[in-house]
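The block underneath contains the structure these notes are about, expressed in structure tokens.
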Amino acid sequence: MFRGVMESAKEFKKVVDTISTLLDEICFEVDEEGIKASAMDPSHVALVSLEIPRLAFEEYEADSHDIGIDLEAFKKVMNRAKAKDRLILELDEEKNKLNVIFENTGKRKFSLALLDISASSVKVPEIEYPNVIMIKGDAFKEALKDADLFSDYVILKADEDKFVIHAKGDLNENEAIFEKDSSAIISLEVKEEAKSAFNLDYLMDMVKGVSSGDIIKIYLGNDMPLKLEYSIAGVNLTFLLAPRIEG
Amino acid sequence: MFRGVMESAKEFKKVVDTISTLLDEICFEVDEEGIKASAMDPSHVALVSLEIPRLAFEEYEADSHDIGIDLEAFKKVMNRAKAKDRLILELDEEKNKLNVIFENTGKRKFSLALLDISASSVKVPEIEYPNVIMIKGDAFKEALKDADLFSDYVILKADEDKFVIHAKGDLNENEAIFEKDSSAIISLEVKEEAKSAFNLDYLMDMVKGVSSGDIIKIYLGNDMPLKLEYSIAGVNLTFLLAPRIEG
Amino acid sequence: MFRGVMESAKEFKKVVDTISTLLDEICFEVDEEGIKASAMDPSHVALVSLEIPRLAFEEYEADSHDIGIDLEAFKKVMNRAKAKDRLILELDEEKNKLNVIFENTGKRKFSLALLDISASSVKVPEIEYPNVIMIKGDAFKEALKDADLFSDYVILKADEDKFVIHAKGDLNENEAIFEKDSSAIISLEVKEEAKSAFNLDYLMDMVKGVSSGDIIKIYLGNDMPLKLEYSIAGVNLTFLLAPRIEG
């Protein structure tokens, strides 16, 4: 069996919004500790990983299950969540459905057909990164939107003093400079100057669910995949993005 | 002559918004008692009926007139209403126009050409219904939007204890359950268990003008048309929708 | 050199929004007094002229320069301005770029390629107008939107008592009447009754940046181009629009 109750359907909606822009389907690995899932995007450029510890739930009860879900349908359902809805996720083993229930005045139940997919074997690798930047989520997100005006990729640069997001179009260019003492920077730990280019669409998809107040942890190296980490509603999200080879 | 003044153009806009999604044109039957109109939608599935008693107007003066109006044009005009505009409707018999006037700072006058159509002979039939549900308008409206995710029709069910809105897609399904004691239910009078399917697009069009605070009266039977009633800005709206024969 | 600092990027955005709907590119004539620019729209129906006195800047320093800018790119950049951003415009002569910088937490810099265009020789002619109407910007703007429902041109009429905006479609028509004592009218100086028709799209483009609180000065005659004047964020905008010959 599996049944989990969350306080805010609206918050969990952000998680589903984010992963559904990168993935078409996902296999939630459920057990008594909580929920885990990871998958490569269809073009194998980005890795998405999420972890929902049982503590993120108000109530939680589960045996081991692999629950395959079509994320397009899940996103449509979660978009129907209202501000004060509680969220109940429950497995209906008989009907082979995941019930998504919004509780408020009245009870709105959606039953999603399970997909026959198995858990991904791709996990986030344990890599040591020379540089870690903690930045306010909205500042990072806005800088990416700025970059999107003139380019489809972005260069992230870090040195001891600052974190820079740079985009270069054919005619025009753009640069967001976050000095170490900027109020947007929570911490800037740089052991080795780094500069790498990344696909902008993927990066923007990865931070889709971030809202003001959220903090993003950026792991940046040279010739290394970018790693992003943040939490929404007690759900830990990790993303890995291969660097772009500049032409 | 005909001249009527309403306090809030913005409220009356909701009425026009609603009927204009179902009808292309309408004939307002005006007399000293107020205004009446009824019409079938072009595909003859839904009946729309409205009644504006003279008390819904701040000022009202009228002889008998049939005023034929193109609802697309009327809707465009009403969409220009601002929050504090008063509304004046007046017949210009000489120019054969209906003047729609918004009064606030300045006076904005729109003159709509009259259509040469006559009053519909189709009226809401006097049918006795076994079941009457009074429900908060926004709760019903949201349940219909939920249903719209996976299906193009909806099954309404009522028994002594609850009112249920059910939609079934090829893979996924959805159900909104309103228990008798739910705060969304004002009253639930059920003499005979009922279950009927209805076209979802029509139903959503019928409640388009409903906003939070409005209450909808639902008359439901077996193999009977659905009847909906509610009021906006003193205007009484009634809708009849033929049941869908399930395949 | 050229460097100017403005308090509110968001306000200046409205200026760029407006001129970029009418013009593709512009040449800013910068000198120690401030900035000037004027240009005909591509179809030579409308003249756009702007003047930014150095007093509109918090800080200002400039030699003589002609700065040619692609307005599509400038508009995209200005649309990225946030509520509390300060705006810095600065010429990078070495790289041949105009830097547009938003300062808030962090610093976001956009570098726009300069265009090789020269200052327009077309200036606003010194014409004496018989009638001058000062009207609240939003009232005028809304009246134009009303007119847009049924027609693609608008007739402006002024006499001693009122200013009227009239639009006539094939079937329906519209009229906004501003009496001399209307709260929307600041002043109405009429020496000669006037009535002229103008293209509605151009007129709406010209007042695009106007928001509630702004006041528009309308110069109206018979068989004369319409002249509009207003200020946003210390920037003086003037527009000239040729009258439409009614068919």
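Values reported hereafter were calculated over all heavy atoms of this structure, with side chains retained and with hydrogens, waters and symmetry mates removed. Throughout, a chain's letter reflects where its sequence line sits, starting with A, and its residues are numbered from 1. Source: prediction; values computed, not measured.
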Rounded to the nearest 0.5 Å, what's the gap from [atom1] on [X] to [atom2] on [Y]? Could you check?
X	Y	atom1	atom2	result
A:N172	C:F110	CG	CZ	10.5 Å
C:D70	A:L171	CG	CG	8.0 Å
A:D148	C:R80	CG	CZ	8.5 Å
A:L149	C:K76	CG	NZ	6.0 Å
A:D146	C:N79	CG	CG	11.5 Å
A:E175	C:N99	CD	CG	9.5 Å

Heavy-atom count around [X] [atom1] within 6.0 Å, excluding the residue itself: above 12?
X	atom1	answer
A:E103	CD	yes
C:E58	CD	yes
A:E179	CD	yes
C:K107	NZ	no
A:K82	NZ	yes
C:K123	NZ	yes
C:K36	NZ	no

Item to check | Under 4.5 Å from a heavy atom of chain C, the part of A:K145 involved | outcome: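 For A:K145, backbone and side chain are both near chain C.
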Checklist entry - Run the salt bridge (charged side-chain N to carboxylate O under 4.0 Å, His left out) check on C:K97 and A:E173 step by step: do they pass? => result CA-CA 10 Å; C:K97 293 262 162 81; A:E173 48 190 300; 3.4 Å; yes
Item to check | Under 4.5 Å from a heavy atom of chain A, the part of C:V100 involved | outcome: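 Neither part.
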Item to check | Top contributor to chain C contacts, counting heavy-atom pairs under 4.5 Å, from A:D170, A:I165, A:N174 | outcome: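 Max contact count across the listed options: A:N174.
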